[in-house]
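In this text the structure is predicted, and so the values were computed from the model without any measurement. The chains referred to below are lettered A, B, ... by the order of the sequence lines, with proteins before strands, and numbering in each begins at 1.
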2 protein chains.
Amino acid sequence: MDAKKRKKLEAKGWRVGSARDFLNLSDEEMALIELKISLGDTLQSKRKQKKMTQLELAKFLKSSQSRIAKMEAGDPSVSLDLLVKSLFSLGLSRRELSKVIS
Amino acid sequence: MDAKKRKKLEAKGWRVGSARDFLNLSDEEMALIELKISLGDTLQSKRKQKKMTQLELAKFLKSSQSRIAKMEAGDPSVSLDLLVKSLFSLGLSRRELSKVIS
DNA sequence: TTGTAATATGTCATATCTGACATACACTAT
DNA sequence: ATAGTGTATGTCAGATATGACATATTACAA
């Protein structure tokens, strides 16, 4: 996780669950957020590997450029479902997904 | 995946995405569904391992018995987010999650 | 500089998921 | 049988995620 991502994490959005205070997240909330960030990073590298722009990927996935950007940035508004479905659509196998997670 | 789960899959709900026809699912839709079923199975075995009822688990997770049942059954209305968050709350590590997925 | 392509950010109506509830079903034990 | 306990299923109002759009920011040419 690079500095930019970390900053986003700290900055806004992710004040989830019952703990209202700044960065006062439970372990499982933290784990879920970090998981999403990993998947977002993977999505980005897969996209670049295929030399696609966010707009092109958006059309391919029948989504929108802004949502791709949010996925890659680890935005709190994106679901695991969308991330995983997108990775599968890009051809990631279940085993590869598992490697990303571990 | 046992027969009951498979039946549920075929029976109702999962007619997702652009393909309207019965069981006419794309590869990535299929992969996502099977992933959710695996996670649901894992949730159930973890719960039983802890000798909890669905109601007890529901209270622990601040959810409801019916939603636990749906998670374990692979109901199309449950998100990956909820499944993964629940598994993390039950103490599953990221590495263990990765093993379940692979 | 100016232009322009790529990416980031904010907002919103609609779609989907959520906990809660009611109720049905399955299985024991009495 | 019937009472009790656990699980499944259906529904719904409220909560959250979605694609779409507008606009901002960045990066890099000409």
Consider only side-chain heavy atoms of I, L, V, M, F, W and Y, link residues closer than 4.5 Å, and tell whether B:Met52 and B:Phe88 are in one cluster.
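Cluster IDs for B:Met52 and B:Phe88 match.
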
Answer yes if B:Leu83 and A:Met30 sit in the same cluster of Ile, Leu, Val, Met, Phe, Trp and Tyr residues linked by side chain heavy atoms under 4.5 Å apart, and no otherwise.
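No.
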
Counting heavy atoms from C-beta on, name the nucleotide in [options] closest to the side chain of [X].
X	options	value
A:Arg67	D:dA20, C:dC17, D:dT18	D:dT18
A:Ala69	C:dT9, C:dT18, C:dA20	C:dT9
B:Glu72	D:dA8, D:dA17, D:dG19	D:dA8
A:Gln65	C:dA22, C:dT7, C:dG10	C:dT7

Give the rounded distance in Å between these two atoms: [atom1] of [X] and [atom2] of [N].
X	N	atom1	atom2	answer
A:Met52	C:dT7	CE	C1'	15 Å
B:Lys48	D:dG6	NZ	C1'	11 Å
A:Lys59	C:dA6	NZ	C1'	14 Å
B:Leu83	C:dT18	CG	C1'	13 Å
A:Lys70	D:dA24	NZ	C1'	13 Å
A:Phe60	D:dG19	CZ	P	14 Å
B:Gln54	D:dT9	CD	P	10 Å
A:Glu29	D:dT16	CD	P	12 Å

What I want to find out is whether A:Lys50 reaches A:Glu56 closely enough, with some N-O distance under 4.0 Å, to be called a salt bridge.
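Salt bridge: no.
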
Close side-chain approach of B:Leu82 and B:Arg67, heavy atoms under 4.5 Å
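Yes, their side chains come closer than 4.5 Å.
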
Looking at [X], does any N or O in its side chain come under 4.0 Å of the phosphate oxygens OP1/OP2 on [N]?
X	N	answer
A:Arg47	C:dT7	yes
A:Ser79	D:dA17	no
A:Ser66	C:dG10	no

Contact class for [X] (heavy atom, under 4.0 Å): base, sugar-phosphate, or nothing?
X	result
B:Ile68	nothing
B:Leu55	nothing
A:Ser64	base

Search all heavy atoms of A:Met71 against all heavy atoms of A:Val78 and return the closest pair with its distance.
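The pair with the smallest heavy-atom distance is N-CG1, 3.9 Å.
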
Closest nucleotide of DNA chain D for A:Ser63 versus for B:Thr53: which of these residues is on the 5' side?
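Result: B:Thr53.
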
